[in-house]
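We name chains A, B, ... by the order of the sequence lines, and we start the count at 1 in each one. The analysis underlying the following values was restricted to heavy atoms, covering all of them including side chains, and did not include hydrogens, waters or symmetry mates.
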Amino acid sequence: MTPDENPFDKFLQSKKSKIFKNKDTLLHTYTPERLPHRDEQINTLVDILGVALEGHAPKNIMVYGMTGSGKTVTVKYILKKLEEKASEIGALVRGIYVNCEVVDTSYRVLQTIANNLISEWEERIPPTGLPTDEVYTKLIEILEKYGGIVVVALDEIDRLVKKSGDSVIYMLTRINESLKHSKLSLIGIANDINFIDLLDVRVRSSLVHEKVLFPPYNARQLEDILRDRAKIAFYEGVLEPSVIPFCAAASAREYGDARVALDLLRTAGEIAERNGESKVREGHVRLAIKRLEMDTVIEAIKTLPTHGKAVLYALYKKTLSEMRKGKRFSEIETTTGELYQEYLNVCYFLGISPVTQRRFTDFVSYLDEIGLLNARIASRGRYGRTKIIKLASDISYVEEGLKSDPEFGSLFMRRPVQTSLEKYFSSI
DNA sequence: CCTCCACAGGAAGAATCGGGCG
DNA sequence: CGCCCGATTCTTCCTGTGGAGG
Ligand SMILES: Nc1ncnc2c1ncn2[C@@H]1O[C@H](COP(=O)(O)OP(=O)(O)O)[C@@H](O)[C@H]1O
């Protein structure tokens with residue numbers, strides 16, 4: 001080996017992908033330079049926010065759209081471009097993005113906004129310890145010292161309101177009345193259009209001066225988004241021509257969610273890579289769809305309360321025993337009464353006390369809502385009215401999800417076989 | 001036609017949880 | 001840290017209901 005040849009080069013070379021040029025550009029954290037099919041929303045936002053460059057406070061905006069409709073990227077993009085243009089022309093404008101899923105209390109929202117405007121570490125507001133209205137007073141001071149226009153985007157604002165009420169929003173919509181030298185404007189981002197109904201009327205009228213809607217993407221639009229991204233994420237020619245249209249169609253069929261489309265493309269690439277193939281094909285996308293389906297089922301099961309899991313386990317057990325009898329999965333159904341009996345058994349085995357049948361039906365409805373099972377009401381005349389219940393997803397996904405649960409995993413373990421040595425010890 | 005099965009799902013209140021405050 | 005109160009969860013009791021069988 002020559003002295004300038006580092007043996008680790010070989011290691012890195014062998015790790016280097018033949019498929020991905022830059023995989024990170026497929027993650028949700030990446031903000032692309034172009035946002036296809038969001039020109040209309042961008043223009044509207046520019047029209048509303050433009051006055052900030054002239055030193056006026058823009059109107060408050062509500063942004064609506066389903067998940068993956070590009071709300072977050074678009075708003076982040078707009079804030080970045082606004083700040084860029086402001087510093088170019090010497091205007092004092094700041095854009096602050098707050099993700100309310102992480103920053104989910106009144107205190108932390110005010111704190112986050114304030115700390116974004118503070119450069120000195122010592123002056124920063126501590127993550128806890130002060131009364132909320134003191135943080136509010138401090139924020140006013142800090143804003144006055146800044147003396148410009150501050151645009152605050154509150155992402156997942158519906159979550160914040162559900163968890164902590166609308167008091168922060170009320171405070172923030174009225175903060176301009178206490179400000180002389182600077183102004184604050186809000187951009188609220190929500191998934192749920194009905195979210196405004198939760199708000200106090202006073203908050204509603206001041207928050208929703210302008211509305212911007214983000215409709216879900218259709219298959220063609222998703223294709224354009226994916227094509228743009230594939231150019232920087234993959235090496236040229238590794239994607240077979242049908243891959244992108246297939247990913248786009250699959251995600252458009254559900255909710256037109258761009259995040260799902262990108263996840264699908266990335267996962268398909270990963271699968272191809274893991275199989276040591278040099279091209280991504282439609283078959284890889286098919287596997288990726290299954291993979292993501294399984295992930296969502298397992299994730300959904302993880303967040304279920306104990307009795308929710310118990311109900312699901314009861315349904316799993318019933319389904320499995322019917323399958324052992326040779327019935328086809330798609331034909332296996334049960335009823336509320338039957339499933340409740342099985343649920344009682346499951347609770348007995350787990351040593352937990354069961355809930356009443358009334359409550360049980362609520363769990364069934366909830367599992368139906370989140371798509372883990374299908375339930376429909378059927379009248380069977382003489383034999384009463386009941387819900388017909390069946391598993392919604394592949395039984396092996398449900399099994400995986402329950403197996404990985406600390407409470408339910410043990411139910412899958414085979415009773416350990418006593419070894420002859422153990423027999424020997426237990427006999428003496 | 002009526003009946004009555006086997007529940008659905010609303011209402012109200014009890015029990016329990018959790019998070020905010022001193 | 002404990003305590004308290006409001007929110008959530010769960011129970012109890014209830015009325016309503018589509019249709020096979022009489
Ligand atoms: N028009 C678009 N162009 C490029 N990428 C997009 C576009 N719309 C959405 N995306 C991508 O889709 C993903 C989800 O978008 P996001 O803005 O987080 O959706 P939302 O906030 O509406 O749930 C992000 O990774 C984003 O980069």
Could you tell me how far apart [X] ([atom1]) and [N] ([atom2]) are, to the nearest whole angstrom?
| X | N | atom1 | atom2 | value |
| --- | --- | --- | --- | --- |
| A:Arg382 | C:dG22 | CZ | P | 7 Å |
| A:Lys163 | B:dG20 | NZ | C1' | 11 Å |
| A:Arg376 | B:dC7 | CZ | P | 15 Å |
| A:Tyr383 | C:dG22 | OH | C1' | 12 Å |
| A:Gln357 | B:dC7 | CD | P | 6 Å |
| A:Ile377 | B:dG10 | CD1 | P | 10 Å |
| A:Tyr340 | B:dC7 | OH | P | 12 Å |
| A:Phe360 | B:dG9 | CZ | C1' | 15 Å |

Looking just at side-chain N and O atoms, do A:Thr361 and A:Arg358 make a donor-acceptor pair shorter than 3.5 Å?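 A:Thr361 vs A:Arg358: donor-acceptor pair found between side chains.
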Report yes or no: do A:Ser404 and A:Lys302 form a side-chain donor-acceptor pair below 3.5 Å?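 On atom types as modelled, these side chains do not qualify, holding no pair under 3.5 Å.
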To the nearest 10°, let me know how far the axis at one end of the helix from B:dC1-C:dG22 to B:dG22-C:dC1 is tilted from the axis at the other, five pairs an end.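 Roughly 10° between the end axes, to the nearest 10°.
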Where the side chain of [X] is concerned, which of [options] is the nearest nucleotide?
| X | options | result |
| --- | --- | --- |
| A:Arg385 | C:dT11, B:dC7, C:dG21 | B:dC7 |
| A:Val355 | C:dG19, C:dC10, C:dG21 | C:dC10 |
| A:Ser365 | B:dT3, B:dG9, B:dC7 | B:dG9 |

Output yes when [X] and [Y] qualify as a salt bridge under the 4.0 Å nitrogen-oxygen rule, no when they do not.
| X | Y | answer |
| --- | --- | --- |
| A:Arg34 | A:Asp228 | yes |
| A:Glu331 | A:Arg328 | yes |
| A:Arg376 | A:Glu333 | yes |
| A:Arg108 | A:Asp104 | no |
| A:Arg220 | A:Glu223 | no |

Exercise: identify the closest heavy-atom pair between A:Leu154 and A:Cys100: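 For A:Leu154 and A:Cys100, the tightest heavy-atom pair comes out as CB-SG, 3.9 Å.
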If you compare every side-chain N and O of [X] against the phosphate oxygens of [N] (OP1, OP2), does one of them come in below 4.0 Å?
| X | N | result |
| --- | --- | --- |
| A:Lys387 | B:dG9 | yes |
| A:Thr336 | B:dA6 | no |
| A:Thr356 | C:dT11 | yes |

Would the distance check show the side chain of A:Lys71 and the main-chain N or O of A:Asp155 forming a donor-acceptor pair, the cut-off being under 3.5 Å? no
Heavy-atom nearest nucleotide on DNA chain B taken for A:Gly381 and for A:Asp362; more 5' hit belongs to A:Gly381
Is there, by distance only and without an angle test, a donor paired with an acceptor across the side chain of A:Arg358 and the base of B:dG9 below 3.5 Å? yes
Polar atom pairs between nucleotides 5-9 of chain C and protein, under 3.5 Å, N or O only, would you list them?
none

Test applied, side-chain contact (heavy atoms from CB on, under 4.5 Å); reference residue, A:Ile78; option that passes from A:Val151, A:Val73, A:Leu45: A:Leu45
